[in-house]
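Take a look at the structure below.
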Protein chains: 2
Amino acid sequence: MAIGVKDIATAAGVSLGTVSNVLNHPDRVSPRTRARVEKVMAELGFVPNESARQLRAGRSRTLAYVVLDATNPFFTDVARGVEETLAARDLSLYMCNSDNRADREANYLNRLEEQRVAGILLTPVDPESPALDKISGRGTPIVIVDRTRAGDTHCSVAVDDVLGGRLALEHLLDRGHERIAFIGGPSSIGQVHDRHAGALAALADAGLDESHLVRIDTSALSVGEGRQAAQRLAGMPGARRPTAAFCANDLLALGLLQHCVTTGVSVPDELAIVGFDDIEYAGAAAVPLTSVRQPRLRLGRTAAELLLDEVENPDHVHQQITFTPELVARASTETRAN
Amino acid sequence: MAIGVKDIATAAGVSLGTVSNVLNHPDRVSPRTRARVEKVMAELGFVPNESARQLRAGRSRTLAYVVLDATNPFFTDVARGVEETLAARDLSLYMCNSDNRADREANYLNRLEEQRVAGILLTPVDPESPALDKISGRGTPIVIVDRTRAGDTHCSVAVDDVLGGRLALEHLLDRGHERIAFIGGPSSIGQVHDRHAGALAALADAGLDESHLVRIDTSALSVGEGRQAAQRLAGMPGARRPTAAFCANDLLALGLLQHCVTTGVSVPDELAIVGFDDIEYAGAAAVPLTSVRQPRLRLGRTAAELLLDEVENPDHVHQQITFTPELVARASTETRAN
DNA sequence: TTCGTTGATTGAAAGGTTTCAAGTTTCGGT
DNA sequence: ACCGAAACTTGAAACCTTTCAATCAACGAA
């Protein structure tokens with residue numbers, strides 16, 4: 001059924017090798033035969049079999065980016081940065097969604113390794129997983145995105161989440177808040193852990209003890225979970241209820257904000273809110289959201305560059321790059337003029 | 001360097017065939033040898049070469065979804081629906097982003113066909129492109145998502161965009177608006193065209209001529225373009241300025257809204273806004289957005305089911321499924337009580 | 001003891017491409 | 001007309017699996 005190089009060769013009256021040359025080394029073939037072969041290929045609808053090609057030639061023209069949550073605009077923006085860098089080269093990017101589940105991530109990594117992709121960009125569920133060493137040890141380069149990893153076994157591109165957490169909390173403390181909620185979870189997510197740690201550090205620096213940061217745990221970093229957190233917050237007795245919330249990401253913050261707005265809780269007067277990521281929707285929210293901005297596109301571009309270098313450059317050396325986050329203050333934490 | 005079945009066979013003291021059987025037909029092999037072979041595979045870090053496997057066996061366990069815009073939450077939600085359906089089966093989904101560019105779409109489709117993926121879900125730049133017939137004609141099934149196509153050459157799952165446009169406009173007319181902006185573009189995007197057509201139809205039904213719908217063209221369906229459209233709107237002389245806007249999707253609507261809020265244009269009093277898609281952020285916006293809801297997850301699930309049927313079922317027949325959109329009214333179009 | 005079964009294992013062929021050493025053609029120069 | 005070099009073209013081997021017909025081993029039945 002399927003047309004192969006052999007059929008093309010026969011139909012065009014040339015040898016297999018020539019057909020292959022038309023495909024891979026057009027310069028080696030005389031213009032006339034090339035034209036003839038190409039015509040036949042078009043007529044017969046020839047589609048080279050990438051499996052066979054890759055099997056024989058050993059190379060691959062696809063990369064993959066395995067993200068924690070494809071529905072989070074933060075990650076799709078990073079992906080856009082990756083694509084920008086790849087667009088120049090003749091490479092394709094497949095995006096895979098681990099949905100923050102180790103089993104799904106493992107599945108995808110397996111598949112990608114079996115497929116012998118040229119390289120993998122990964123925002124890992126657990127950056128310390130030994131599976132990563134195994135995979136890159138066998139020859140599929142991995143660049144870690146939005147996380148760092150102990151040691152210099154891999155390239156990584158990340159943002160200083162601890163600093164980010166610190167910035168967020170300092171901002172709230174500056175505005176006089178002393179009972180602050182940290183909304184995020186599960187804490188197994190590294191980003192959540194680091195941002196929380198940064199918040200605690202800021203608290204300590206301000207001479208306040210940990211009791212000033214009440215932790216509200218969520219089961220995911222989603223808008224829905226943000227809404228639920230809002231209910232829990234609302235259920236607290238007024239005296240103990242926080243006057244501000246630092247959310248581990250913008251999705252949570254948006255959910256929280258939405259619930260406040262619909263239930264008539266005034267933001268920022270009754271509750272100030274800080275998010276994290278500064279996704280595009282943060283500034284457009286009911287009350288424009290103060291958020292800790294990460295250079296998303298840049299993250300993606302840089303990660304892609306590192307990966308390409310590791311793929312193409314034989315004396316590549318691993319690099320850990322860390323970007324600095326930046327707090328963007330908006331209405332959700334404004335103090336009323338008085 | 002790389003370990004192959006041959007190495008495993010040697011190390012385990014069995015034949016190639018047996019190693020392959022351990023992989024593909026474990027029941028055919030005695031428990032004892034199976035254990036031994038598996039042990040050796042683990043020790044040597046054997047990773048089957050999918051290219052070779054696919055070349056010989058002819059099957060593939062991956063599907064792909066080529067979307068128009070990976071940063072649009074609408075599409076990632078559809079993708080989530082797809083993944084839900086695929087999760088049960090042992091299949092992987094690769095997401096590719098055409099960014100609404102025909103050349104990138106063609107590139108991806110090419111690659112995917114060369115890779116011999118089991119099937120493709122596609123939200124096409126141009127559903128009538130003959131390329132689609134060629135590809136599916138050669139044996140790679142394609143299901144069209146969020147668009148329909150003349151004829152019954154493919155399965156498709158879509159939402160009635162014309163009806164959606166009509167609903168949006170009827171809603172605005174009901175609220176007394178008679179100078180309405182249609183914000184969207186480029187009109188080469190089918191969804192934009194259909195939604196506009198629906199709007200025009202509603203206008204006609206109301207006995208108003210086309211001049212009541214002023215078209216503001218955008219170069220993409222993004223938040224940024226929405227902000228720009230807002231500026232153009234603001235630049236119009238008061239007498240001719242529309243009192244309401246129907247945006248071809250929620251991203252535009254959010255951008256428009258954001259600009260209004262920051263420049264002090266009151267929504268809905270000075271400008272009522274209707275979006276399309278009802279993405280998660282629509283309800284959480286500065287002014288909660290009235291929007292035309294599409295059943296996103298259901299769209300994805302259904303598309304995946306159709307594709308699986310086409311892949312697995314020899315006497316599959318193509319189906320065109322159309323869902324009905326639904327208007328969700330929120331504050332952005334509320335009429336002030338008076 | 002031998003035969004027939006069943007179950008486990010084997011080994012060669014096949015799948016579609018690229019590679020590369022070897023062979024053939026072309027062409028300018030004499 | 002002939003030579004040598006340069007330009008093309010060729011064909012077989014190799015890439016790593018899976019498949020399947022054939023072989024082998026074991027074991028219960030006759």
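Naming convention: chains lettered A, B, ... in sequence-line order (proteins, then strands); numbering from 1 in each chain.
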task: Check the side chains of B:Arg149 and B:Thr153 for a donor-acceptor pair under 3.5 angstrom, ignoring hydrogens and angles.
output: yes
query: Hey, are A:Gln191 and A:Asp146 close enough side-chain-wise for a donor-acceptor pair under 3.5 Å?
result: yes
Gap between atoms [atom1] and [atom2], on [X] and [N] respectively (whole Å):
X        : N      : atom1 : atom2 : value
B:Asn21  : D:dC20 : CG    : P     : 11 Å
B:Leu55  : D:dC15 : CG    : P     : 14 Å
B:Asp7   : D:dT17 : CG    : C1'   : 13 Å
B:Lys6   : D:dT18 : NZ    : C1'   : 14 Å
B:Glu50  : D:dC15 : CD    : C1'   : 15 Å
A:Leu16  : D:dA12 : CG    : P     : 10 Å
A:Arg116 : C:dT17 : CZ    : P     : 20 Å
B:Asn24  : D:dT19 : CG    : C1'   : 10 Å

Residues [X] and [Y] bridged, charged N to O under 4.0 Å:
X        : Y        : value
A:Arg80  : B:Asp99  : no
B:Arg138 : B:Glu113 : yes
A:Arg61  : A:Glu50  : no

Checking all strands, does [X] fall into the base, sugar-phosphate, or nothing category for heavy-atom contacts under 4.0 angstrom?
X       : result
B:Gly17 : base
A:Arg59 : sugar-phosphate
B:Val14 : sugar-phosphate

task: Rounded to 10°, tell me the angle between the two end axes of the helix from C:dT1-D:dA30 to C:dT30-D:dA1, each built from five pairs.
output: 50°
message: By nearest heavy atom, map B:Ala52 and B:Gly13 onto DNA chain C; which one lands nearer the 5' end?
response: B:Gly13
A:Leu93 vs A:Val82 side-chain heavy atoms within contact, under 4.5 Å: yes
statement: Checking A:Leu306, A:Leu68, A:Val78, A:Leu122 against A:Val145 for side chain to side chain contact (heavy atoms under 4.5 Å, CB included), the one that qualifies is A:Val78
May I ask you to check whether over 12 heavy atoms, not counting those of [X], lie within 6.0 Å of atom [atom1]?
X        : atom1 : answer
B:His318 : NE2   : yes
B:Arg104 : CZ    : yes
A:His316 : NE2   : yes

field: Distance test, side-chain N/O of B:Thr18 to OP1/OP2 of C:dT9, below 4.0 Å
entry: no
- request: Record whether the side chain of A:Arg56 comes under 3.5 Å of the base of C:dT18 through a donor-acceptor pair of N or O atoms.
  value: yes
statement: So, with a heavy-atom separation below 4.0 Å from DNA chain D, the residues of residues 25-46 of chain B are B:His25, B:Phe46
Nearest-nucleotide pick for B:Arg53, side chain only, options being D:dT18, C:dT17, D:dC16: D:dT18
